[in-house]
Amino acid sequence: MAFNPSEHQHLRYNPLKGEWVLVSPHRALRPWSGQVEPAPAEAVPAFDPNNPLCPGVQRSSGIVTPQYKSTYVFVNDFPALLEEGPEPAESNDPLFQTKSAKGTCRVICYHPHSNVYFTTMSLSEVVAIINEWIKQTQELGKKYVWVQIFENRGIIMGCSNPHPHCQIWTSNFMPNEPKAKDQHQKEYYEKYKRPLLQDYVKRELEQKTRIVYENEEWLIVVPYWAIWPYETLVLPKRQIQRFTDVDKNQKEMLAKALKVIVAKYDNVFKCNFPYSMGWHGAPTGDKFKESMPYWTFHGCYYPPLLRSATVKKFMVGYELLAQCQRDLTPELAASVLRQQPETRFSEAK
Ligand code: H2U
């Protein structure tokens, strides 16, 4: 019998992180009688006098959120990283190593209304969010080597507040994920003299099997090495290293791409598709002025849903003890997403 990647088990390599994933397509139809998550609540009022992220409402810190009209940024009242604090002692002990950890955590409210999102905001409102992401990268990147912008969407992803928002955690250290991507993109560039992700864009455009959406500036694919069922990678068609390098056209086209990808996600199971998403680009801080041609700026969406609006993939047993595994092939996931309309089901005329 000839090998068929959509039917037969195999391993795939993630060249960005140097990790392998087990793909087991033959298992995709196995029955499920496990946990079903409660259906996510959909109706959120535009203003909730008890929601601290709404304009005019008091936060836990006692500060009243101002009457903002566009995006609004504040320092997280419960930060995981503080700018100042006692430093741990240096240690040469190979088994008990410690390092300094300093940084800051901010929250970005996307919009003054709680009942809007990328799918329902205007293009210019989404561009305003992108401008805020760039501004924060510029400002915090002067001081910190890593500026992690991320959003948790939905209760099952640990999102604690229904108001449209994301977070930024900056640090004086490179966290593990971007550190691995830094190392692997660097090694690839040294070997092939081209940025890994620009070569990848070219190959995905040729193969066409994992494309979810593209416009003149951006390509969204389910990566060949995806671990989450409907994971996607947002890639620039023109090489850029950091968010701060995005030009006007890339910004507008990115706004368009983000509106479409979220609409497609929501259309798959007719719900607010939960995910964690965020941005990765070349390190900043002392390296901000350095050109790092091996680094390609990109976005990642990690959604957990697998079979329905309530049944998610668990990263448990084999994933925790051995390595990541998936049943649905990236090609099948991409075709499901590609076929979805570009407008959210609730907005369709
Ligand atoms: P999440 O929904 O991703 O949990 O983000 C909401 C953040 O908002 C969370 O990190 C912060 C929480 O600490 N927050 C405040 O800083 N002040 C508040 O009054 C409420 C929530």
Side-chain angles (χ1 to χ4, degrees), residues 37-68 70-85 101-121 125-126 128-130 132-133 135-137 139-140 144 146-171 175 177-178 228 231 234 243 258 261-262 265-266 271-280 299-305 309 312 315:
E37 301 282 340
E42 295 264 335
V44 175
F47 174 77
D48 174 354
N50 297 313
N51 188 334
L53 270 51
C54 287
V57 181
Q58 193 177 50
R59 298 204 302 273
S60 326
S61 56
I63 296 169
V64 174
T65 299
Q67 292 293 340
Y68 61 99
S70 177
T71 55
Y72 170 62
V73 183
F74 64 92
V75 176
N76 198 313
D77 298 314
F78 308 97
L81 287 151
L82 296 166
E83 298 210 75
E84 295 305 331
K102 285 183 178 173
T104 190
C105 299
R106 293 180 178 176
V107 177
I108 305 180
C109 296
Y110 289 156
H111 193 282
H113 297 159
S114 297
N115 61 344
V116 297
Y117 199 55
F118 288 88
T119 46
T120 49
M121 278 185 230
E125 287 171 328
V126 178
I129 297 168
I130 297 171
E132 192 62 63
W133 285 333
K135 189 175 152 212
Q136 294 294 319
T137 308
E139 185 192 320
L140 294 164
Y144 292 104
W146 194 251
V147 177
Q148 184 59 60
I149 297 170
F150 66 94
E151 177 188 339
N152 295 325
R153 184 188 193 205
I155 293 164
I156 70 170
M157 293 311 287
C159 180
S160 64
N161 193 305
H163 192 88
H165 70 282
C166 72
Q167 300 194 42
I168 315 175
W169 293 19
T170 68
S171 57
E177 288 281 309
W228 292 97
E231 175 177 335
V234 182
F243 226 151
L258 298 185
I261 186 61
V262 180
Y265 274 145
D266 287 4
C271 67
N272 288 337
F273 209 75
Y275 51 71
S276 280
M277 65 81 63
W279 301 101
H280 281 168
C300 307
Y301 281 84
Y302 299 128
L305 294 186
K312 71 178 181 191
M315 287 287 183

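In listed order, ligands and their atoms are each counted from 1. For the numbers below, each heavy atom of this structure counts, side chains included, while hydrogens, waters and symmetry mates do not. For this chain, numbers begin at 1 and follow the sequence in order.
- For ligand 1, the atoms lying closer than 4.0 Å to a non-hydrogen atom of Asn161 are 2 (O).
- The protein heavy-atom contact nearest to atom 17 (N) of ligand 1 is Asp77 OD2, 2.6 Å.
- Counting only heavy atoms of the protein, atom 3 (O) of ligand 1 lies nearest to Gln167 NE2, 2.7 Å.
- Annotation: atom 8 (O) of ligand 1 to nearest protein heavy atom, Val107 CG2, 3.7 Å.
- The aromatic rings of Tyr275 and Tyr301 stand perpendicular to each other, their planes meeting at an angle above 60°, with 30° marking the opposite boundary.
- In summary, the atoms of ligand 1 found under 4.0 Å from a heavy atom of Arg59, numbered by their order in the structure, are 19 (O).
- Two residues are said to be in side-chain contact when any heavy atoms from C-beta on lie closer than 4.5 Å; Thr65 and Leu53 fail this criterion.
- The backbone N or O of Pro45 sits nowhere less than 3.5 Å from a side-chain atom of Asn115 that would complete a donor-acceptor pair.
- Gln148 places no side-chain N or O within donor-acceptor distance of the main-chain N or O of His280, the cut-off being under 3.5 Å.
- Here the protein heavy atom with the shortest distance to atom 11 (C) of ligand 1 is Asn76 OD1, 3.5 Å.
- Residue contact check: Phe74 has heavy atoms under 4.0 Å from atoms 15 (C), 16 (O) of ligand 1.
- Close approach of ligand 1 to Phe78 (heavy-atom distance below 4.0 Å) involves ligand atoms 13 (O).
- Within a 6.0 Å radius of NZ in Lys102, more than 12 heavy atoms belonging to other residues, nucleotides or ligands are found.
- When each atom of ligand 1 is checked for a heavy atom of Pro52 under 4.0 Å away, the hits are 19 (O), 20 (C).
- The aromatic rings of Tyr110 and Tyr117 sit tilted relative to each other, their planes meeting at an angle between 30° and 60°.
- Heavy-atom separations between His165 and ligand 1 include at least one value shorter than 4.0 Å.
- Protein heavy atom in closest approach to atom 21 (C) of ligand 1: Leu53 CD1, 4.2 Å.
- For atom 4 (O) of ligand 1, the closest non-hydrogen atom on the protein side is Ser160 OG, 2.8 Å.
- The aromatic rings of His113 and His111 sit tilted, their planes meeting at an angle between 30° and 60°.
- Side-chain atoms of Thr170 come within 3.5 Å of backbone atoms of Thr104 as a donor-acceptor pair (strictly under, hydrogens ignored).
- Applying the 4.0 Å criterion to heavy atoms of Asn152 picks out, from ligand 1, the atoms 3 (O).
- Using a 30° and 60° split on the angle between ring planes, Phe243 and Trp133 fall in the tilted class, from 30° to 60°.
- Between Ser60 and ligand 1, at least one N/O pair is under 3.5 Å apart.
- With respect to Glu132 and Arg106, no salt bridge is recorded, no charged nitrogen being found less than 4.0 Å from a carboxylate O.
- In summary, the atoms of ligand 1 found under 4.0 Å from a heavy atom of Cys159, numbered by their order in the structure, are 2 (O).
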